[in-house]
Amino acid sequence: MAKLYIFGIGGTGARVIKSLSMLLASGVKTNFDIVPILIDPDSAGGDLNRTIKLLRDYQNIHKTIDGYEQNNFFKNKISTLSDIVTEKGGGAKVFDGFRFELDGIQNDRFKDFIDFNSLDANNKNLVKLLFSEKNLDADLGVGFKGNPNIGSVVLNQFTKSEVFQSFADSYEADDRIFIVSSIFGGTGAAGFPLLLKNLRKGKVGGKNYEHLKNSRIGAISVLPYFKVKQNDNSEIDSHGFITKTKAALHYYARNISGNNSINSLYYIGDSAENTYENIEGGTNQKNDAHFIELASALSIVDFANTEDIYLETKNGIASNPTYKEFGTKDVRQISFNDLFDSTKNSIINNLTEYFYFNLFLKDKMTWAINENYPFVSEDGAKFDINFIQQSFYKNFLSDFNREFRIWIAEVFRNQISFAPFSINPVTNEQNEITDFKIDTSSIFTLVRGIPERKGVFNTFKQKNFELFVTHLNNASHKLGDAPSPQKRFMGVFSQGIKSLVNKKLL
Amino acid sequence: MDLNAFFAMIFEWGGMAFRGSFSNELYAEGLYLTVGLISSIVSLFLVLLFYFIINRPSFSRWQHWAIMLFINFIINFVVGFFVPQNVFNSLGNDFEIMEYISFGLIASLTTTVFFVIWTYCFKWWKGNAKGTPKLFFGKF
């Protein structure tokens, strides 16, 4: 299978890849093996580590149920670069995970990184012209804090690393590349043009890579969509977001779109009304998920579904570069009906089905086991207390689903609000979302703007979770034998919920 | 063997439940066939009702099946009591009330077996009560 390498640069990169993993879990497919490579100097970043944990859970679930056609969830493969290199029999040293670790920045100031003290007087003066005192004293361990001039120096390290070499070695003609970055910060704004320039050179470690030079490359550049609280002690000031964006766009006009170096470039942004806490980095830098990140993840799906003919590249220059933007109807709380048809159709079934999968597993699985319904005990199924204590269910699926619920509640709470489902976010004392609640009296009225389909003699018909169980029982009967209990479990829920959603909602 | 004789053998439990002249009159009037057909159909209907018409998760456990079995018992007691009584009264045959009660109970117990047999014919089919009940061992 061809691979789609996704470089997620900075915090925005990690959050977009998180949204993408939610979409893939729900059954959105790309026909590519997704290979996320997260580039972020802030190793303790809350958003980054949440994404990495999520991707690992996804991988564990996918590996367990891979190849089972009856299942629609977690269908798209996600690999690490290390997996790809190992598959190809390579032995180069690559990071065993999703995040590329930049060397020499932990507990280092920028001036130490560039070895400022050993420069001669003339070079010191030159550096002082380019970088302020604050820049030189910046702690790189928490990122570049909105300074692309620092990022462009430090991130050069990536394209000279063994990891980049391994990536170039593993890259094949049918593969594609997508770069996710924000334009108004430090890491992403610096990393995107730098990475693109090096890809188009097609020269890594002294070797030429024609495939890489002529690769099909897409990217999304995320324009400002939030502000941070004013804090005089912080180097991050959202008043500068627009200025930085303008400066970067001028640069892109010459060095990205101006020289046709990219095949598809997506732009997205929003009037930044919501204000985040001003955290410079580290574990506390955890922002609510945002609809912009979901829409950005959809750009990756759009790029993956674009036919090769539109992505031709000759001698490192895109033959037909395209530039795309994203829009919704003019509302501040978006339901499925507020998306345009192609967007709506690409996610409504999958997200709705996964939403109901979550509801059942969270609140009703133990009940179903105790009631010993046919789908847990007949037709070769044995989903008992022992099954839900195993790591597949307890550690991977439950953890992933909890993150999915938090993600759904966060995009619901954020501004602009993506509210496809009627939920009530649950928060802890720090106002962090920990889950959501629903009105269980009528679970088929939870999809906003989509009425429940009711037949005649509705009084006597099965409702809510009883109807849910009926569809699971029927799916279990139809499924026949399955290669493993985990595959059977996912197949039953996948098929049962699909028929349920088709009958009652879509 | 005609059906009347077939049902007579079943309702007399191979002779164990033979009740002399009452049984002879039942046989002579073809009432074993009448009661036997009604009982079989009632049992079949109740089983189909449970597995395929009601067919709800909230009414699919063995306790619910037992309720249907009890209803089957009551209906067939009524059938076993009143069908012979109506016929014999119209013919002027006088039997003690205990004869009718005894035959009602025999019919109920016999059709309990019918109900179980129908159950094991249909409990494997697709439905919310699939697999219910497990009266013996394993899936059975």
Side-chain angles (χ1 to χ4, degrees), chain A residues 70 356 359-361 363-384 440-444 455 457-482 488 491-493 495-497 499-500 503-504, chain B residues 38 40-76 78-79 111-140:
Chain A
Q70 300 298 325
Y356 281 103
L359 293 191
F360 197 94
L361 261 55
D363 292 329
K364 295 293 175 185
M365 195 58 212
T366 310
W367 162 74
I369 289 171
N370 290 337
E371 292 290 325
N372 202 30
Y373 288 130
F375 84 92
V376 304
S377 62
E378 298 295 326
D379 303 301
K382 198 181 175 199
F383 305 134
D384 51 13
T440 52
S441 65
S442 182
I443 63 169
F444 300 116
F457 306 119
N458 194 55
T459 316
F460 302 105
K461 293 205 167 165
Q462 296 173 42
K463 295 185 175 65
N464 286 348
F465 286 108
E466 185 173 39
L467 183 63
F468 207 132
V469 169
T470 293
H471 280 262
L472 294 175
N473 286 339
N474 291 343
S476 177
H477 178 83
K478 283 183 194 161
L479 211 58
D481 291 334
R488 177 175 195 89
V492 166
F493 274 94
Q495 296 301 324
I497 294 171
S499 75
L500 178 71
K503 183 182 169 69
K504 295 299 287 181
Chain B
I38 292 172
S40 304
I41 290 167
V42 165
S43 300
L44 175 63
F45 174 74
L46 288 172
V47 167
L48 294 178
L49 183 69
F50 177 68
Y51 285 102
F52 305 115
I53 299 171
I54 296 176
N55 188 22
R56 301 180 82 110
S58 59
F59 196 81
S60 64
R61 303 298 83 213
W62 71 266
Q63 297 92 328
H64 306 126
W65 177 85
I67 290 170
M68 299 304 284
L69 183 71
F70 182 68
I71 293 169
N72 179 67
F73 188 93
I74 297 299
I75 291 173
N76 284 305
V78 171
V79 170
T111 54
T112 296
V113 176
F114 287 1
F115 189 91
V116 172
I117 291 168
W118 288 128
T119 289
Y120 276 79
C121 290
F122 294 106
K123 72 172 240 173
W124 318 104
W125 292 28
K126 172 185 158 185
N128 287 308
K130 184 173 183 173
T132 301
K134 294 177 178 63
L135 297 176
F136 305 106
F137 57 89
K139 294 284 180 191
F140 292 88

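All values derive from a computational prediction rather than experimental measurement. Order of the sequence lines fixes the chain letters, A, B, ..., with proteins taken first and strands second; residue numbering starts at 1 for each chain.
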How close do Q462(A) and R56(B) get, heavy atom to heavy atom, and via which atoms?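 Heavy atoms only, the tightest pair is CA-NH2, 3.4 Å.
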Closest heavy-atom pair and its distance - K130(B), P374(A):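 So the two residues come closest at O-CG, 3.7 Å.
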Any chance you could measure E378(A), atom CD, to N128(B), atom CG, to the nearest 0.5 Å?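 Rounded to the nearest 0.5 Å, the CD-CG separation comes out at 12.0 Å.
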Between atom CG of N55(B) and atom CG of N474(A), what is the distance when rounded to the nearest 0.5 Å?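 Atom-to-atom, N55(B):CG and N474(A):CG are 7.5 Å apart.
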Quick check on [X]: does its [atom1] atom have over 12 non-hydrogen neighbours (other residues, nucleotides or ligands) under 6.0 Å away?
X	atom1	value
K382(A)	NZ	no
W124(B)	CH2	yes
F45(B)	CZ	no
K364(A)	NZ	yes
F70(B)	CZ	no

Please output the residues of residues 464-471 of chain A in contact with chain B, using a heavy-atom cutoff of under 4.5 Å, in numerical order.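 Within residues 464-471 of chain A, the residues under 4.5 Å from chain B are E466(A), V469(A), T470(A).
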Using a heavy-atom distance cut-off of less than 4.5 Å, which residues of residues 58-67 of chain B contact chain A?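 Residues of residues 58-67 of chain B touching chain A at under 4.5 Å: S58(B), S60(B), R61(B).
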